[in-house]
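Being a predicted model, the structure only gives us computed values, none of them experimental.
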Amino acid sequence: MSGCLDDNTVLAYFERRLSVAANAAVQGHVDRCSACRMLVGEVARTVSRRPAPPVQERVVVRAAPKAKASVRTGARLPAPGDVLGGRYRLEKIVGEGGSSVVWEACHVVMRRPVALKLLRSDDPNTARRFFREARVTAALRHANIVEVYDVFEIAASNTTAMVMELLVGAPLSRWLSDDHEWRHGWPVRETARVLLQVVAATVAAHSFGVVHRDLKPDNVFLLGNPASIDLLSPRIKVVDFGLAKLTASEGATAASGKLTRQGMVLGTPHYMSPEQVAGDLEVDSATDVWALGVIAYECLAGARPIDARSLTQMLRAIANPSIEPLSSRAPHVPRAVSNLVGAMLSKERGDRPTLRQVFDVLMHAAR
């Protein structure tokens, strides 16, 4: 194979559409080329998280699937009415991704509605990450972080289940979509009041030695009826700690162990920090500050600070960011907030503000 891999080749590799010879050629090239290893890592992440209906948005009703073969060889997918773990009756699917499916369920004794996330992958690293997500999230008891109640294995389906609180509402991405009235930029006060709660959740996670590493609008959930949510008095939950990095040396989260290897590229492309793109093993809290800066910029300007036509271009643009100042794209934003967002998007992590500094500026803007 001559030259580096392009996006289509890597995607075909993961979808198993290549011939045996082409597959071997890709693997051989990746072993030799660090740049393509980064690309393969990110495409793997992207393929496993293709867009799906919001996980807990109950206003979207989907037809229940028929029982079929699971991604796990020889296993049968659970169906509506099944009782898992002897206590959770499945109602309907409310979300689906590459490696998991989320059901609305009900505890048969307490009659409490829950969200039940089922793993459907044979990959051992995915399974370990799933268990770690459950342990980490369960340890992070905070009003702005989704609560995990239980995790257990299901022998009949050869799978694992995570039980969480069932959230009613919609992700922040819904309010950033093309059909929303604020698609060209949010008011400053509403933006600040939403982000303050995300910052509070992130501070709580960091205090437990947990870096989220995948903060993005899809993982910021606004509670309530999506048609009537008051963004001046929002209620926020941060979800999906599946990529969380543990920096704690003791306590409940430290027991979860490490799964990240040098050179692995994890995250969602538009919200990844330069150090994530570089596959840096020492990703720290500054990575979450960068992602929060991207979200703030997107809310206020109605556009992301870095965008590209292809995944390769995106990764290169993040590695050496050249960002148009927020003040020029959103003149209505006060200078203090524009300067804050610009600092949050500094290439060098040491130049980014602390979450305490972010909180103080947003608190003033929220008044």
Side-chain angles (χ1 to χ4, degrees), residues 42 45-46 49 51 171-178 180 182-186 188 190-192 194-203 205-206 211-222 236 238-240 243-245 265-278 280 283-309 311 313-330 333 337-349 351-355 357-359 361-362 365:
E42 179 49 38
R45 173 63 179 159
T46 303
R49 285 182 174 271
L172 176 60
S173 53
R174 176 166 178 157
W175 281 265
L176 297 174
S177 61
D178 290 339
H180 193 271
W182 289 351
R183 61 186 178 277
H184 299 303
W186 283 30
V188 174
E190 283 82 347
T191 300
V194 168
L195 293 182
L196 277 170
Q197 295 184 52
V198 184
V199 171
T202 308
V203 168
H206 291 183
V211 181
H212 191 289
R213 291 202 302 175
D214 199 21
L215 289 174
K216 58 183 179 180
D218 281 340
N219 287 338
V220 176
F221 206 87
L222 280 70
I236 305 295
V238 174
V239 303
D240 199 349
L243 286 186
K245 176 180 174 62
V265 182
L266 299 175
T268 301
H270 290 97
Y271 305 91
M272 288 172 60
S273 65
E275 57 268 24
Q276 282 179 294
V277 169
D280 193 334
V283 167
D284 57 20
S285 59
T287 287
D288 286 345
V289 174
W290 170 281
L292 284 166
V294 177
I295 296 171
Y297 191 109
E298 184 175 3
C299 287
L300 293 167
R304 300 184 185 105
I306 298 176
D307 217 332
R309 293 183 178 181
L311 181 59
Q313 292 174 348
M314 174 66 66
L315 297 178
R316 289 171 179 165
I318 294 173
N320 294 286
S322 178
I323 299 171
E324 182 178 355
L326 179 61
S327 57
S328 65
R329 300 188 73 170
V333 177
V337 176
S338 294
N339 290 343
L340 172 73
V341 174
M344 294 169 78
L345 297 176
S346 297
K347 178 181 178 180
E348 300 300 327
R349 67 183 84 180
D351 295 335
R352 297 172 205 158
T354 64
L355 286 175
Q357 293 170 317
V358 173
F359 187 89
V361 175
L362 291 178

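- At a threshold of 4.5 Å between non-hydrogen side-chain atoms, the residues Tyr271 and Leu215 do not count as touching.
- The nearest pair of heavy atoms linking Pro217 to Pro171 is O-CB, 3.7 Å.
- Residues forming a side chain to side chain contact (heavy atoms under 4.5 Å, CB included) with Ser285 (at least two apart in sequence, or on another chain): His206.
- Atom CG of Asn320 sits about 12.0 Å away from atom CG of Leu315, to the nearest 0.5 Å.
- No donor-acceptor pair closer than 3.5 Å links the side chain of Gln197 to the backbone N or O of Val194.
- Distance CG/Leu345 to CG/Leu326: 9.0 Å, rounded to 0.5 Å.
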### Task
Start with the C-alpha gap between Arg329 and Ser338, add the side-chain angles, then the distance that decides, and say whether side chain to side chain contact (heavy atoms under 4.5 Å, CB included) holds.
CA-CA 10 Å; Arg329 300 188 73 170; Ser338 294; over 6 Å; no
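- Between the side chain of Trp290 and the backbone N or O of Met272, at least one donor-acceptor pair lies under 3.5 Å.
- With Gln313 contributing its side chain and Arg309 its backbone, the two residues share a donor-acceptor pair below 3.5 Å.
- Side-chain contact between Ile306 and Pro321: present, with at least one pair of heavy atoms (C-beta onward) separated by less than 4.5 Å.
- Contact between Ile236 and Val220 at its shortest, heavy atoms only, is CG2-CG1, 3.7 Å.
- Not counting sequence neighbours, the partners of Asn339 by the side chain to side chain contact (heavy atoms under 4.5 Å, CB included) test are Arg335.
- Using a distance-only test at 3.5 Å, with no hydrogens or angles considered, no donor-acceptor pair links the side chain of Arg304 to the main chain of Glu298.
- Remark: Thr191 pairs with no residue by the side-chain hydrogen bond (donor to acceptor under 3.5 Å, both in side chains) rule, at least two apart or across chains.
- Residues Ser273 and Arg352 meet the side-chain proximity criterion, which asks for heavy atoms closer than 4.5 Å.
- For the residue pair Asp218/Ser173, the side-chain donor-acceptor check at 3.5 Å is satisfied.
- Heavy atoms only, all atoms of each residue included: Ala343 and Ser346 are closest at O-OG, 2.8 Å.
- One finds the CD1 atom of Ile295 at 11.5 Å from the CG atom of Leu300 (value rounded to the nearest 0.5 Å).
- Considering all non-hydrogen atoms of both residues, Asn219 and Asp214 come closest at ND2-O, 2.9 Å.
- With hydrogens and angles left out, the side-chain atoms of Thr287 and Gln276 include no donor and acceptor closer than 3.5 Å.
- Using a distance-only test at 3.5 Å, with no hydrogens or angles considered, no donor-acceptor pair links the side chain of Arg349 to the main chain of Ala286.
- The side-chain hydrogen bond (donor to acceptor under 3.5 Å, both in side chains) check on Ser328 picks up Glu324, with sequence neighbours excluded.
- With rounding to the nearest 0.5 angstrom, the CG atom of Leu355 is 6.0 Å from the OG1 atom of Thr202.
- Counting only distance, with no hydrogens or angles, the side chain of His212 and the backbone of Asp240 share a donor-acceptor pair below 3.5 Å.
- Taking Ser327 as the reference, nothing meets the side-chain hydrogen bond (donor to acceptor under 3.5 Å, both in side chains) condition, with sequence neighbours excluded.
- A distance-only check finds no donor-acceptor pair linking the side chain of Glu275 to the backbone of Asp280 [under 3.5 Å].
- Contacts of Glu190 classified as side chain to side chain contact (heavy atoms under 4.5 Å, CB included), with partners at least two apart in sequence or in another chain: Trp182, Trp186, Pro187, Leu231, Leu232.
- Looking only at distances, a side-chain donor or acceptor of Asp288 sits under 3.5 Å from a matching main-chain atom of Arg213.
- The minimum heavy-atom distance linking Ala301 with Ala330 is given by the pair CA-CB, 4.2 Å.
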#### Entry: Residues Phe221, Val238; criterion side chain to side chain contact (heavy atoms under 4.5 Å, CB included); working and verdict
CA-CA 6 Å; Phe221 206 87; Val238 174; over 6 Å; no
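- Within the model, atoms CD1 of Ile318 and NE2 of His270 stand 7.5 Å from one another, a figure rounded to the nearest 0.5 Å.
- Once rounded to the nearest 0.5 Å, the distance linking CG of Leu292 with CE of Met344 reads 5.0 Å.
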